[in-house]
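Working notes, structure below.
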Amino acid sequence: MNSENTPQPVVEARQLDLTFETNDGPVHALKDVNLTIDKGDFVSFIGPSGCGKTTFLRCVAALETPTGGTLSVNGMSPDEARRQRAYGYVFQAAGLYPWRTIARNIKLPLEIMGYSRSQQDERVNDVLELVDLKGFGGKYPWQLSGGMQQRASIARALAFDADILLMDEPFGALDEIVRDHLNEQLLALWARTGKTIGFVTHSIPEAVYLSTRIVVMSPRPGRITDVIESPLPKERPLDIRDTPEFIEVAHRVREGLRAGHSYDD
Amino acid sequence: MNSENTPQPVVEARQLDLTFETNDGPVHALKDVNLTIDKGDFVSFIGPSGCGKTTFLRCVAALETPTGGTLSVNGMSPDEARRQRAYGYVFQAAGLYPWRTIARNIKLPLEIMGYSRSQQDERVNDVLELVDLKGFGGKYPWQLSGGMQQRASIARALAFDADILLMDEPFGALDEIVRDHLNEQLLALWARTGKTIGFVTHSIPEAVYLSTRIVVMSPRPGRITDVIESPLPKERPLDIRDTPEFIEVAHRVREGLRAGHSYDD
Amino acid sequence: MIFVLFAILLWALGWWLNSRLANGPQADTSAVRLLVPVIFGLTIVGIWELLVRGLEVPLVILPAPSVIAERFVNSVPILWADFVQTILKGALSGYVIGCAAAFLTAIAVDRSEFLRLGLLPVGNFVAALPIVGTAPILVMWFGFDWQSKAAVVVVMVFFPMLVNTVAGLRETTAMQRDLMETYAASYWQSFFKLRLPAAMPFIFNGLKISTTLALIGAIVAEFFGSPTVGMGFRISTSVGQLALDMVWAEIVVAALAGTLFYGLMAAIERAVTFWHPSQRG
Amino acid sequence: MRSVLAVLTVVAALVALWYAACVPMNIKGVLTEAERAGAEVVPATARERRDAGEFGLIARNSFAIPATWEQDRPRLPAPHQVAIELWETTVKKKITSKRSLIYHGWVTLSATLLGFAIGTGLGILLAVGIVHSRVMDMSVMPWAIVSQTIPIIALAPMIIVVLYSIGIQGIIPKAVISAYLSFFPVVVGMVKGLRSPDGMQLDLLRTYNASNAQGFWKLRLPASMPYLFASLKIGIAASLVGAIVGELPTGAVAGLGARLLAGSYYGQTVQIWSALFAAAILAACLVALLGLLERMVLKRMGMA
Amino acid sequence: ADEVTLQLKWVTQAQFAGYYVAQDKGFYEEENLDVTILPGGPDIAPTQVIAGGGADVTVEWMPAALAAREKGLPLVNIAQPFKSSGMMLTCWKDAGIESPEDLKNRTLGVWFFGNEFPFMSWMSQLGISTEGKSENGVEVLKQGFNVDPLLQRQADCISTMTYNEYWQVIDAGVDPEELVTFKYEDQGVATLEDGLYVLEENLADPEFSDKMVRFVRASMKGWKYAEENPDEAAEIVLDNDATGAQTEEHQKRMMGEIAKLTAGSNGALDEADYQRTVSTLLAGGSDPVITKEPEGAWTQDITDKALN
Ligand SMILES: Nc1ncnc2c1ncn2[C@@H]1O[C@H](COP(=O)(O)OP(=O)(O)OP(=O)(O)O)[C@@H](O)[C@H]1O
Ligand SMILES: Nc1ncnc2c1ncn2[C@@H]1O[C@H](COP(=O)(O)OP(=O)(O)OP(=O)(O)O)[C@@H](O)[C@H]1O
Ligand SMILES: Cc1ncc(C[n+]2csc(CCO)c2C)c(N)n1
Ligand SMILES: [Mg+2]
Ligand SMILES: [Mg+2]
């Protein structure tokens, strides 16, 4: 379905089900979720709070085990993919370790994966440049603004060669301008590296601006209500958001969202 | 400049300056700020992080003392106005006291200001209705969703007769759909009560949707770079956001923002 | 009576001085932060001296600070020998052994949820055993010299340290742990790179609490049998000989040593956990 | 449920370890007794055995192992000996009897509670002072820490004598010592608690133009409750230790401390251990009671 | 009734039977006295209590009392119910100890807390150093309250009282044959134990003196009754023991031993005994317990009035 070459499925979910057993009874976080993400896709997940966006991403990253259905990543089980270090995961908060400098935070996965010293330094330099943080490697996280921290955490996920980038509301805590800027950079990066990206957001413009495909979800039980293919070109200046196509897609997303939303909570 | 009657200045800032003395030297949080807010205005403050939005609101509420310039509220000093309980202040997080029920949280300012029992109950009922929380008075904050908590905190600010409502990113932590819904309700409330509102936000659509006037600020030192009068009518359905006028204003705000923004932080 | 009057005056003066300093513009400088408690302490000592002289309190009940100071200066060799016996041999070795053992146990406990559930309540129970009961038993087991004092200290510091370390090792956020998971990090990788650094504030909390416990434990244990040297020995013997100035000189040593020990741990904590919000001010 | 099982498992393991430890701990005493009773023991004399290793002795005199759990005055009493003693001195004795641990426990408990009340009251007052006055914060807090480095057992006889000399006797001197130990955790916890409201919560009250007193009653005090209870639990355990320490220089007349001492004085190890356990059980009960109270209060406050 | 507070030197036991008997039998009441008996303990210095005004009269050993007097606390002996000393050193025979000379190079348990003076005097008379094990020195342990150090063989000898700790060793199953004892009395270094002491300044008050006369009279009546009825006296002591730790057997035996020590004293201090105590203490070598002959440390005024 994706443009260009023949699509190659990276993530494949069939009738995925996940129920949490809690003290107040079971919570049906995912129900009958079917989704295929192809190589090079940029898929956004949008939906009201509690609809299972995070849960789905966590299933893909083998941080959660589905209670039903099948899920394969690169043709193997998510856990096997995890062991092969197929994922870069970016959380909502930057989640940098405060006792490490920015550079050493980015080194963390490299140390764990056993890269050599010189490789580590080289890669840290590369990704710091990529996210526009050159010169800040020696600072501690709390000495940086929120936007810079978030970029550092993206750099950390990029430092090793994961094919799949999973991002759970990475820009939720940032102001709109910084967000716009990071969105632009993320698009550029995606274009350059051809990674497959799964991206959770609450912002309709963000979802529309970034994605090749937008997955709209609704809660109780968490399920997919709509999958919208974006007609926008791959080249997207920020101004694209004032075009009628963009507004049209955004409108569709909003309608889809509203349909699944109950106002009383 | 506001429409309707002759404007009556509620807040008047002239050449306002505020410098914080910190360990790393002084931080110029506000510089040469000139602004008049008229009675019944809905003024939004927008700008990148650290541009002094919060600081300005805090000056108005006499929570911070300016180091230069003059600031008057209702013709007196902010501190006098505070003593006369002229402000209802809504913070970014709901900040409800967890050991009080919703009703008793709303009663808090009334108790402090010495309202009688019966007056307290009456007002609590009124505002609970106003923010659509009837029937939730007996619940504790954590039993409510984030959106409901935020509405309760607005109710708390409305319970006593403050002329001026100061809101510092009240909806920052909420998802877009809930946020839309609260925006609608806030507009309705403003229309009904005719309060003067100062509103800080990071969201361009939110600012444009709500305000009669949008103040764009930029940091280092914090100053006002643009004041945009909204041409939108007082009656604003949510759909108004897809109109060209709306998009035009939003565009202007975004340009104003971008001009004052440095990408390196 | 005049002395009492002076004492009241001195109190007023000290308080006034401190109010000026604490509410003055320099209140946040480290000099003032040190000066204010020192002035407070000196005021108390001054009042003590004046009251003891003014009310003619007998020496055998409460010696004046000047008498204590004199005794201190004249008995430095004895005090030093006691210090070496009690603090350096008894308290310090017990402290090191106890904290290290607790730390290793904490790692084991942390690896097994079952152990944690089972051991911590039992640990809290054992920690509630009063030292005046355990000390005689340990003296009986480990002899009269510093070894039994070290054993008492081990028993005293073990559980506070264990509880703190276990709590610290659980201190990481789910997100931090998930991050390690996505890297497919091994147990020890995530232990050394995540959980240990994150636990440091808690570990130091335990280490700090344990300093005073160690001193008290070592001294108290000497009440239940000791060689003829040591701070606890000297205190109990001196009380019997009505040499209260000596008792107080030893108390001064204990307070000095305790404060230094605590201060040292706090300083190391500041250096190691510089990143923690509580240390960033 | 799982945690009960876990605790039982750990307790069972500890008891097993305890029984095992009794053998080497008591073997020499048992062999000496056996020798006196005419049994054949290797090596034959106590002097030779003094320098022999415990495990060698066990290996060569394995017949004596059961006796290590039944000694009259063992170095380490076996668990069942302690349990039986506890049972006999609590359940089987009239509680008015001087041999009843309940009687002694009550004596200690009353001093503990009085001391705890004094210590808590003082601690809260100090904390309120520290939070509201910079001078107190800067001058008192460091000395409160120093006060905890002073070994109370050294001060105890002096406290008793000074109080005697102004005519105060009985329960109060013990309570004073127990208060001395319990006030510190309360000060620390309460200062933390009273300072726990964040800037936003305090600013909210400023916008209402609330007075300091209103800020205290409506914000600081309720916000400090969880901290208060956490430190009360530490404080009550410290109080109990203080009351027991205070019993030594008050003539060791009655109370768990006196029991410990008397047991120690007569080498009655079983009695020492049972008094020790009684004290720990009492502490556990007090802490549990406070935990219950905590849950009730916090629940009423809607914070649990 | 006039109130009198008596501070004992140790916990409630037959060592103080006379006072408990006098109380129980109403001898104090007959003298119009209301006596409060405060038991002692390991952490109580009777001299300190009386200095603080917590007691009117105290049972104390003379070495401690004289040492306190030199420290500036003017204690005066007003009566001496104990004629002889019950202190001794108890050693394992199999450690090879037969005479005091054999003590050299051994580990000895000693009571401190003001009770170490007789031992120190004895050692310095023997010319034995207490600074540690050597050819001519002993290692001294501060012994706790029980006889464990001996039983556990952590010490070769420990301090015992004839009426108490010695029997605890025996009760632990040790055969008297296995032990060697050195009584201070036999070594010629006995010091007076368990006298009644008051503050000198109080004696100047005739009312107080009169109270003490009556107190000593009633107490001695109690002591003599206890000597004659040891079993009953032991029962009375047991009734007064609030810890519930004492056993009847032990207290009856103790009463028997105590009676041997009080025998021969009518309560009045024998000046010769006093002189012997003082010279023993003065002979303390380099570090004597007292440095000069005490003045006015005793009086027979009270006993003279009480007993005649
Ligand atoms: N570990 C868990 N245990 C029990 N329930 C859980 C757990 N994690 C998530 N849930 C529940 O599963 C549902 C889906 O949660 P999820 O976090 O995936 O939502 P989300 O779409 O990411 O929401 P948000 O926008 O708030 O992040 C929710 O009802 C949530 O309460
Ligand atoms: N109490 C303070 N002490 C020192 N500096 C302060 C203080 N409060 C704010 N500042 C500084 O003043 C500047 C303006 O801060 P302010 O909080 O008003 O920004 P803002 O526009 O509200 O930002 P945000 O969008 O992040 O809330 C910032 O640089 C901030 O670091
Ligand atoms: C801490 C301490 N240890 C020993 C004694 C010595 N003492 C004096 S009288 C007495 C009772 C004898 O049965 C004993 C043991 C003491 N007073 N305090
Ligand atoms: Mg989520
Ligand atoms: Mg702000």
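The model shown is predicted, which means the values in this text are computed figures rather than measured ones. Naming: A, B, ... by sequence-line order, numbering from 1 per chain.
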Report task. Go through the atoms of C:Thr134 and report whether side chain, backbone, both or neither lie under 4.5 Å from a heavy atom of chain D. Result -> both
Query raised in the report: Taking all non-hydrogen atoms of both residues, which atom of C:Ala255 and which atom of D:Val146 are closest, and how far apart?
Result: CB-CG1, 4.0 Å
Requested in this report: Just do the side-chain contact (heavy atoms from CB on, under 4.5 Å) check on C:Ile216 and D:Ile152 with the steps written out, would you?
Outcome: CA-CA 8 Å; C:Ile216 291 175; D:Ile152 180 70; 5.6 Å; no
Query raised in the report: Taking all non-hydrogen atoms of both residues, which atom of C:Phe40 and which atom of D:Val140 are closest, and how far apart?
Result: CZ-CG2, 4.1 Å
Query raised in the report: With a 4.5 angstrom heavy-atom cut-off, which part of C:Val247 approaches chain D: side chain, backbone, both or neither?
Result: side chain
**Report entry** Reported CD-to-CD1 distance for the pair D:Gln148 and C:Ile209, which is rounded to 0.5 angstrom
**Finding:** 11.5 Å
Query raised in the report: Can you tell if the side chain of C:Trp141 reaches within under 4.5 Å of the side chain of D:Met25, non-hydrogen atoms only?
Result: yes
Query raised in the report: If you look at every heavy atom in C:Phe125 and D:Ala284, which pair is closest and at what distance?
Result: CD1-CB, 4.2 Å
Report task. Counting only heavy atoms closer than 4.5 Å, note whether C:Leu244 contacts chain D via side chain, backbone, both or neither. Result -> side chain
**Report entry** Region of D:Ala237 in contact with chain C, defined by heavy-atom distances below 4.5 Å
**Finding:** neither
Report summary line: Comparing D:Ala283, D:Gly263, D:Ser3 against chain C, the one with the most heavy-atom pairs below 4.5 Å turns out to be D:Ser3
Query raised in the report: How many angstroms lie between atom CD1 of D:Ile244 and atom CD1 of C:Ile131, to the nearest 0.5 angstrom?
Result: 11.5 Å
Query raised in the report: In terms of heavy-atom proximity below 4.5 Å to chain C, should D:Met158 be classed as side chain, backbone, both, or neither?
Result: side chain
Query - Region of D:Ile153 that comes under 4.5 Å of a non-hydrogen atom in chain C - result: both
Query raised in the report: chain C contacts: which residues in residues 11-20 of chain D have a non-hydrogen atom closer than 4.5 Å to it?
Result: D:Val11, D:Leu14
Report summary line: Turns out that what part of C:Phe223 lies under 4.5 Å from chain D's heavy atoms comes down to side chain
**Report entry** Interface moiety of C:Phe261 toward chain D, non-hydrogen atoms closer than 4.5 Å
**Finding:** neither
Query raised in the report: Measuring heavy-atom distances to chain C, does D:Val135 have an atom under 4.5 Å in its side chain, in its backbone, in both, or in neither?
Result: both
Query raised in the report: In terms of heavy-atom pairs under 4.5 Å, which option from D:Val245, D:Val161, D:Thr9 contacts chain C the most?
Result: D:Thr9
Report task. Can you tell which part of C:Leu21 gets under 4.5 Å to a heavy atom of chain D, answering side chain, backbone, both or neither? Result -> neither
Report task. Write down the atom of C:Asn18, the atom of D:Ser139, and the distance for their closest heavy-atom approach. Result -> ND2-CB, 3.8 Å
**Report entry** Which atoms of C:Leu119 approach chain D - backbone, side chain, both or neither, heavy atom under 4.5 Å
**Finding:** both
Query raised in the report: Stepwise, does the side-chain contact (heavy atoms from CB on, under 4.5 Å) test hold for D:Val287 with C:Asn124?
Result: CA-CA 10 Å; D:Val287 171; C:Asn124 281 328; over 6 Å; no
Query raised in the report: By a 4.5 Å heavy-atom criterion (distance strictly below it), what part of D:Thr269 contacts chain C: side chain, backbone, both, or neither?
Result: side chain
Report task. Can you tell which part of D:Ile145 gets under 4.5 Å to a heavy atom of chain C, answering side chain, backbone, both or neither? Result -> side chain
Report summary line: Comparing C:Val132, C:Ile235, C:Thr43 against chain D, the one with the most heavy-atom pairs below 4.5 Å turns out to be C:Val132
Query raised in the report: For C:Ala22, does its backbone N or O pair with a side-chain atom of D:Arg134 as donor and acceptor, under 3.5 Å?
Result: yes
Query - Atom of D:Ala6, atom of C:Leu117 and distance for their closest heavy-atom approach - result: CB-CB, 3.7 Å
Query raised in the report: chain D heavy atoms under 4.5 Å from C:Val57: which part of the residue, side chain, backbone, both or neither?
Result: neither
Query raised in the report: Heavy-atom distance under 4.5 Å to chain D: side chain of C:Val220, backbone, both or neither?
Result: both
Requested in this report: For the pair D:Ile272 and C:Met140, evaluate side-chain contact (heavy atoms from CB on, under 4.5 Å) and give the outcome as yes or no after the intermediate values.
Outcome: CA-CA 12 Å; D:Ile272 303 181; C:Met140 172 168 97; over 6 Å; no
**Report entry** Part of C:Glu250 lying under 4.5 Å from any heavy atom of chain D
**Finding:** neither
